Structures are given as C-alpha cells and as structure tokens.
Protein chains: 2
Amino acid sequence: MREVAEAAGVSIATVSFVVNNTKPVTPETRQRIERAMAELGFRPNVVARALASRRTRILALATPFSRLWLGAATREFIIGAATAAKEARHHLVIWPVGNDGDELVTLVGQKLVDGVLLMSVALDDPRVEALRGLDTPFTLIGRTRDVTGLHYVDIDIAASMRVAMDHLVDLGHRHIAFVNGDRDEEGVAGFGPYVRSEQAYRELAGERGIDPVVLYCRSNVASGRETARELLALAPRTTAVIVQDEAGAAGLVAELKRLDRAVPDRMSVLSMLSSADFAEMWDPPLTTISTPGLELGRLAVEALLQQLDGRPPVSAALRTGVLVPGGTTGRVPAGTAGPGRSAARRRT
Amino acid sequence: MREVAEAAGVSIATVSFVVNNTKPVTPETRQRIERAMAELGFRPNVVARALASRRTRILALATPFSRLWLGAATREFIIGAATAAKEARHHLVIWPVGNDGDELVTLVGQKLVDGVLLMSVALDDPRVEALRGLDTPFTLIGRTRDVTGLHYVDIDIAASMRVAMDHLVDLGHRHIAFVNGDRDEEGVAGFGPYVRSEQAYRELAGERGIDPVVLYCRSNVASGRETARELLALAPRTTAVIVQDEAGAAGLVAELKRLDRAVPDRMSVLSMLSSADFAEMWDPPLTTISTPGLELGRLAVEALLQQLDGRPPVSAALRTGVLVPGGTTGRVPAGTAGPGRSAARRRT
DNA sequence: TTGAAAGCGCTAACAG
DNA sequence: CTGTTAGCGCTTTCAA
C-alpha cells in the first residue's frame with residue numbers, strides 16, 4: 001500500500017480512502033491511484049484491515065456435527081449462508097461446536113468473527129445464554145423458547161405441519177399418526193423442530209377431531225421398521241403417517257410394505273422437511289414438505305449483517321415448507337376411513 | 001495484554017512468551033502471568049496475532065456449489081476437514097468458488113488464509129494453475145492429470161473399481177455395465193473421478209474378458225430411468241450395473257423393476273462411492289462402495305498443515321472405498337451368464 | 001481534498 | 001530468563 005502511495009504520488013491515507021470509498025477524492029487522484037494499484041497488483045491485506053478497523057468481515061456458522069447434520073435442511077443452510085456471505089463480501093467459517101457454551105465463548109473471544117450464526121438451536125440452549133453475555137452479534141437459525149431480544153430465522157413448523165395435515169385430510173384421511181425423532185438420540189431432546197412439530201400436530205389433530213397418535217423413531221432404518229410394527233399394533237386403523245426423519249421414513253415404508261400395508265395404496269406416508277432432491281430418489285417418490293433451508297441460510301446472514309451495520313434488523317423471519325407431492329400419499333383406502341377413536345399413544 | 005503484563009508485573013513480551021509457549025519462562029513468573037490472565041479473563045486477539053506473526057491459522061476449503069455438492073463424498077470431506085482443523089486449532093472457511101482461477105487468486109491475495117484445500121478438482125484445473133503461481137500452500141482433494149510438485153489426497157478410484165468388479169464377478173456376473181456421469185452436466189466433464197473410473201472400468205473389463213458397456217446418466221432420477229431403458233436396448237444380456245450417481249441409481253433401479261428386470265433377482269446394481277448411511281435407506285439396501293471422504297478430509301488438512309509447518313509433507317495419499325454389501329446385488333440369474341460379446345456402447 | 005500521525009493488539013528480534 | 005523496541009499493513013481522527 002505504501003508502494004501504491006508512492007507510485008501515485010499521494011499519501012497512504014489517500015490510498016485507503018479510495019480503496020474503501022470512505023472519503024471524497026478528486027477523480028484525477030483516484031485515477032492515478034487506481035492505475036498504480038492495478039500495475040502493482042495491489043491486494044488489500046484483510047488481516048491488517050481487520051485489526052485497524054475492528055471489523056474482520058468474517059461470520060461464523062456454529063453447528064454441531066451430529067448425525068442430524070447430514071440432513072437436508074443443514075446442507076441447505078450452509079449453501080444459503082455461504083452464498084449470501086460471499087455476495088456481501090464476507091467470509092464464512094465453520095465452527096463445529098457442541099452444546100458447549102464455553103467453547104463458543106472461547107472462539108468468540110478470539111475476536112476473529114464479527115458475528116455468529118447459530119444452528120441447531122435447542123429450546124433452552126446454553127450457547128444462546130453464553131452468547132448473550134458477549135458483545136458479538138448473533139442470529140439463530142431456529143429459536144429458543146424465549147426469544148425476547150434475540151434475532152432469528154426459522155422454519156414455521158406449525159404452518160408446515162398444517163400444510164402436511166391439510167394435504168392428508170384433503171385426501172380423506174382421518175387417522176393420521178405422527179412419527180417424531182426419538183429424544184434419546186443425540187441432538188433431539190429439546191431441539192426446537194421436534195418439540196414444536198409434535199405440539200403443532202397435537203393441536204391440529206385436536207382442531208380436526210383426529211385422535212393423536214405419536215410414535216418416536218431414531219434416525220436409522222431399523223428404527224423406522226420397528227416404528228411401523230408399533231404403529232400397526234397400537235393404532236391399526238391409521239391410514240396416513242407424517243414422519244420427521246428421512247431414514248426413519250425409509251424403514252417405515254419398507255416395513256409397511258412387508259406387513260402388507262404397502263405405500264401408498266394401503267398407507268400414506270409424508271416426510272416433513274426433507275429436500276425435494278432427496279424425495280425424488282424414492283420409488284415411488286416421497287411426498288414431502290420441503291425445507292426452506294436455502295432461504296433461511298440467506299436470511300440469517302442478512303439479518304446478521306443488518307445488526308452489524310447498525311441497520312434496523314429484521315429480528316424474526318419464519319418460512320413455511322412447501323408441499324412437494326410425490327407418490328407415497330394417496331386417497332384413503334375405501335373401508336378404512338370414517339370416525340372412530342383409538343387411544344394408542346406412547347409416552348404422553 | 002498490557003493489563004495482564006501490568007497485573008503480573010512483567011513486560012508484555014513475557015506475556016506473549018507464555019501465551020505462545022515460545023520461550024522459556026520461570027515457573028513462578030509463568031504462574032503469576034497465568035493467574036493474571038485468568039483473573040482478567042484475557043483472550044488473545046487472533047487478528048492482531050495473525051498480523052504480527054503472518055500466520056492466521058485459518059484454512060480455506062475452496063469448493064464449487066454445484067449439484068454434485070450434495071453428494072456423500074463432499075459432505076464427508078467437510079466434516080472431516082472441519083474436525084481436523086479444529087483439533088489442530090485452526091479455523092476453516094468455506095469458499096464457494098467455481099472453476100474460476102481469478103476468483104481464487106483474489107481470495108488468496110487477501111492473505112486471510114494460510115493454506116487452501118481445493119475440492120472437486122478437474123484433470124486440468126485452472127484453479128490449480130492459478131494457485132501454483134502464488135505462495136500460499138495448497139492441497140488437492142482429488143488430483144489433476146499431472147501432479148508433479150503437488151500435494152493431494154484422493155480416492156483410489158482404480159482400486160475402488162476393482163473392489164466393485166471383484167464383488168460382481170464373484171457373484172458370477174460376466175456382463176457388467178458401467179453408468180458414468182454425463183459429461184454435459186455441470187462439473188462432470190474432466191472431473192477426475194468420472195474420467196478415472198471409466199478408464200478403470202475399461203481396463204478391468206479387459207483383464208477379465210468382459211465386454212465393456214458404458215452409458216452416461218445425469219444426476220437425476222429421470223435420467224436414471226432413461227438409462228435403464230437404453231441399457232436393456234443396447235446390452236440386454238447385462239446382468240449387473242455399476243453406477244456412479246445416487247439419483248441415477250435410484251432411477252435405474254425403479255425403471256428396471258418396471259421393465260421386469262427387478263433388482264437384485266434379475267439385475268444387480270452397485271453404487272460407487274456413496275455413503276453407507278444413504279445406501280441403507282433403500283429397500284432393499286443399496287450395495288455400495290462407500291466413500292472414504294471423512295478420512296480424506298482429515299488427511300488433506302494434515303497434509304496442508306505439514307506444508308505450513310515446514311515438516312516433511314505427505315505429498316500423496318490415496319484411499320480405497322470399502323464394499324458395503326446391500327440387497328441390490330446378487331448371484332447372476334441362471335441361464336443368463338456365460339460368455340458372449342455384445343458390442344453395445346454409447347460415445348466411444 | 002489531502003496528509004501526518006497515532007494506533008489496532010500482538011510477535012519477534014535483539015539486547016541485557 | 002526478561003525487557004525494549006520496532007514493526008505487521010491498514011484505518012481513522014485531526015489538522016492543514
């Protein structure tokens with residue numbers, strides 16, 4: 001930069017002004033400087049700039065690397081966030097942090113990043129409390145129970161569940177079960193989407209006079225199969241199932257077929273918040289409520305940058321999943337519909 | 001840091017020595033300093049440190065965000081690399097860069113990162129040439145045609161293909177086709193794994209007296225279906241297929257079933273370099289050669305850090321995929337085996 | 001509109 | 001073993 005200044009016959013400060021467009025500079029001076037920069041192949045050193053300006057232009061995406069990390073929503077978040085960050089000329093670092101608030105405090109304390117995106121937020125998340133105590137802005141992807149004073153973007157679980165239920169009810173189903181993640185699995189207990197979706201399911205079932213049946217399934221195929229057997233044992237009149245997990249859905253569909261309740265003819269299956277790409281790979285294609293992950297990733301970055309720039313920040317943004325019709329849901333089979341209540345349920 | 005020095009009654013330099021363990025310090029002095037740090041909650045500022053030491057301890061993972069990014073291998077690379085980076089107390093930034101060498105040069109020129117991991121490397125990759133001209137160390141995940149002077153980790157495609165072929169041959173198959181990615185698709189043309197796997201397939205087929213049949217399929221289900229029809233039209237005696245792409249495999253299996261060549265009884269299907277988690281979701285489970293992505297991610301980071309530390313670097317590491325037996329491959333159906341050559345082939 | 005100068009918070013010779 | 005000091009490359013008052 002000093003070289004550029006010399007070559008252009010100006011001071012180093014003036015060079016800084018044109019590089020950052022931070023003060024008015026005569027067109028001619030600007031020209032000379034720009035030419036010098038081009039000739040010398042000048043590239044501003046972001047580290048020095050960061051030290052001087054207290055702005056690194058680096059954002060962190062803090063996320064646990066659990067099994068659930070493999071899901072569609074996560075992947076989309078990352079792509080969305082990384083793309084948005086790039087467009088805003090920021091860098092994105094990945095921080096694999098568990099539920100450990102202390103670890104996050106240490107990382108933030110390094111002052112490497114201007115802001116943090118926090119993924120896989122639990123209803124009561126120690127990381128959120130940890131971040132609250134620091135002066136680094138952050139945005140949640142997901143949300144805690146109490147969101148006062150927080151900025152977040154999230155899937156509108158209730159609305160997404162409503163889309164799912166409506167689809168099934170429109171097809172004539174009246175016995176609709178819900179298969180949730182198993183709270184014994186890492187990352188599931190207290191994780192917002194699991195809690196909220198079950199709650200939404202129960203409320204909607206109540207509204208529609210559907211007897212709620214909730215089962216719990218781990219994120220693997222064997223567990224999905226087991227869940228299918230449980231379902232038929234506990235609530236044999238069920239004609240449609242809403243599942244949270246892709247692997248679970250796979251096991252469920254496979255086992256239902258084996259138990260002579262082939263999908264979609266003798267049972268409808270709908271997967272919550274998968275990706276359309278993934279759903280298409282099934283035979284028949286999986287009916288799903290697709291995750292708005294890409295958009296949420298973008299929104300999260302935008303919300304964070306607004307905070308950083310002191311702009312009026314969007315403190316909350318919810319997006320609803322979209323129904324992607326596939327071949328695993330169909331009209332309710334004749335003779336199995338109609339009212340009637342079973343009391344089956346596990347763990348109330 | 002100055003405060004710490006004052007509190008401990010030493011100079012700021014001494015504090016630096018204990019923080020970085022860079023010079024011998026009397027145990028007592030060290031103690032005093034450490035106590036002062038703890039009391040004041042001192043956290044070294046990594047930006048300042050980076051500027052002074054010319055070492056940011058940040059690594060970049062440069063990768064295109066194409067459709068192929070959704071694959072199993074990519075995901076595993078990231079997890080492996082991020083985890084290894086963290087263990088080595090480094091940060092990992094994600095750079096979504098296309099095939100554009102210039103963009104990479106700009107990013108590297110910012111001097112934000114100490115080294116670069118380059119993913120999705122093509123045989124002739126402009127980004128590699130671009131990086132060669134700079135003084136920032138880099139490691140390839142994948143490799144170019146000419147690897148002299150380069151450091152890389154990669155899947156041993158030839159060996160992995162051999163595992164696949166051996167599995168099928170052991171089951172009695174003699175008519176084994178290969179479905180490769182379609183070079184018209186973004187990111188496929190000139191992409192190492194596609195080129196090398198086809199080459200390996202042809203060589204192995206030659207060795208075993210198998211008449212090579214190669215088809216090309218885009219990364220979506222419809223294309224997989226189409227490929228199934230082509231396959232039966234071109235090489236009806238085929239009893240087993242090796243596929244590169246997961247979505248393609250899905251379409252292939254579905255369409256084969258429709259065409260009365262149900263998998264695995266009337267056709268075996270094996271997927272190259274998927275993940276075991278994913279393969280398990282199929283019904284029957286997909287037989288696959290699992291990708292060693294996790295390990296490669298780790299190895300890449302290690303190789304890069306070795307370069308950075310001036311340690312003798314591992315310049316090349318290859319890892320072979322492992323056979324994960326599933327339900328989509330089986331013994332060759334009676335009456336369809338035996339020698340015989342068809343000449344079918346697309347695009348030679 | 002431009003320049004001088006004081007840092008940003010830390011590292012790394014070098015000297016003691 | 002510890003302290004002094006000169007930067008790292010840029011931003012940002014403040015003054016001209």
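To find a chain, count down the sequence lines: A is the first, B the second, and so on, and within it residues start at 1. It should be emphasised that the depicted structure is a prediction, and the values quoted were computed from it without experimental measurement.
Taking atom NZ of B/K111 as the reference point, atom C1' of D/dG9 lies 13 Å away to the nearest angstrom. The interatomic distance linking A/R43 (CZ) with D/dC8 (C1') rounds to 20 Å, in whole Å. One atom, CG of B/N45, and another, P of C/dC8, lie 11 Å apart when rounded to the nearest Å. Whole-Å rounding puts the B/R2 CZ to D/dT5 C1' distance at 15 Å. The distance between atom CG of B/N21 and atom C1' of C/dA12, rounded to the nearest whole Å, is 16 Å. To the nearest angstrom, C1' of C/dT11 lies 12 Å from CG of A/L51. D/dG9 atom P lies 14 Å from atom CD of A/E6, rounded to whole Å.
When the options B/Q306, B/E302, B/H151 are evaluated for a side-chain contact (heavy atoms from CB on, under 4.5 Å) with B/T139, the one that passes is B/H151. Between B/L296 and the choices B/V153, B/T291, B/V301, the side-chain contact (heavy atoms from CB on, under 4.5 Å) rule is met once, by B/V153.
With values rounded to the nearest 0.5 angstrom, B/L59 atom CG is found 13.5 Å from B/F138 atom CZ. Atom CZ of residue A/R89 and atom NE2 of residue A/H91 lie 9.0 Å apart, to the nearest 0.5 angstrom.
Judged by closest nucleotide on DNA chain D, B/S11 is the one of B/S11 and A/P44 placed further toward the 5' end.
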Enumerate the protein-to-nucleotides 11-14 of chain D contacts in which both atoms are nitrogen or oxygen and the separation is below 3.5 Å.
from, atom 1, to, atom 2, distance (Å)
D/dT11, OP1, A/N20, OD1, 3.1
D/dT11, OP1, A/N20, ND2, 2.8
D/dT11, OP2, A/S16, OG, 2.7
D/dT11, OP2, A/N20, ND2, 3.2
D/dC14, N4, A/K23, NZ, 3.0

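Looking at residues 29-42 of chain A, you'll see A/T29 sit with a heavy atom under 4.0 Å from some atom of DNA chain C.
Of all heavy-atom pairs spanning A/R298 and A/T83, the tightest one is NH1-CG2, 3.9 Å. Taking each heavy atom of A/V25 and A/R30 in turn, the nearest pair found is CG1-N, 3.8 Å.
Proximity of a side-chain donor or acceptor of A/R32 to a complementary backbone N or O of A/V10 within less than 3.5 Å is not detected. Under a 3.5 Å cut-off, the side chain of B/T26 and the backbone N or O of B/E28 do not form any donor-acceptor pair.
Taking the charged nitrogens against the carboxylate oxygens, B/D156 and B/R319 have no contact shorter than 4.0 Å, which rules out a salt bridge.
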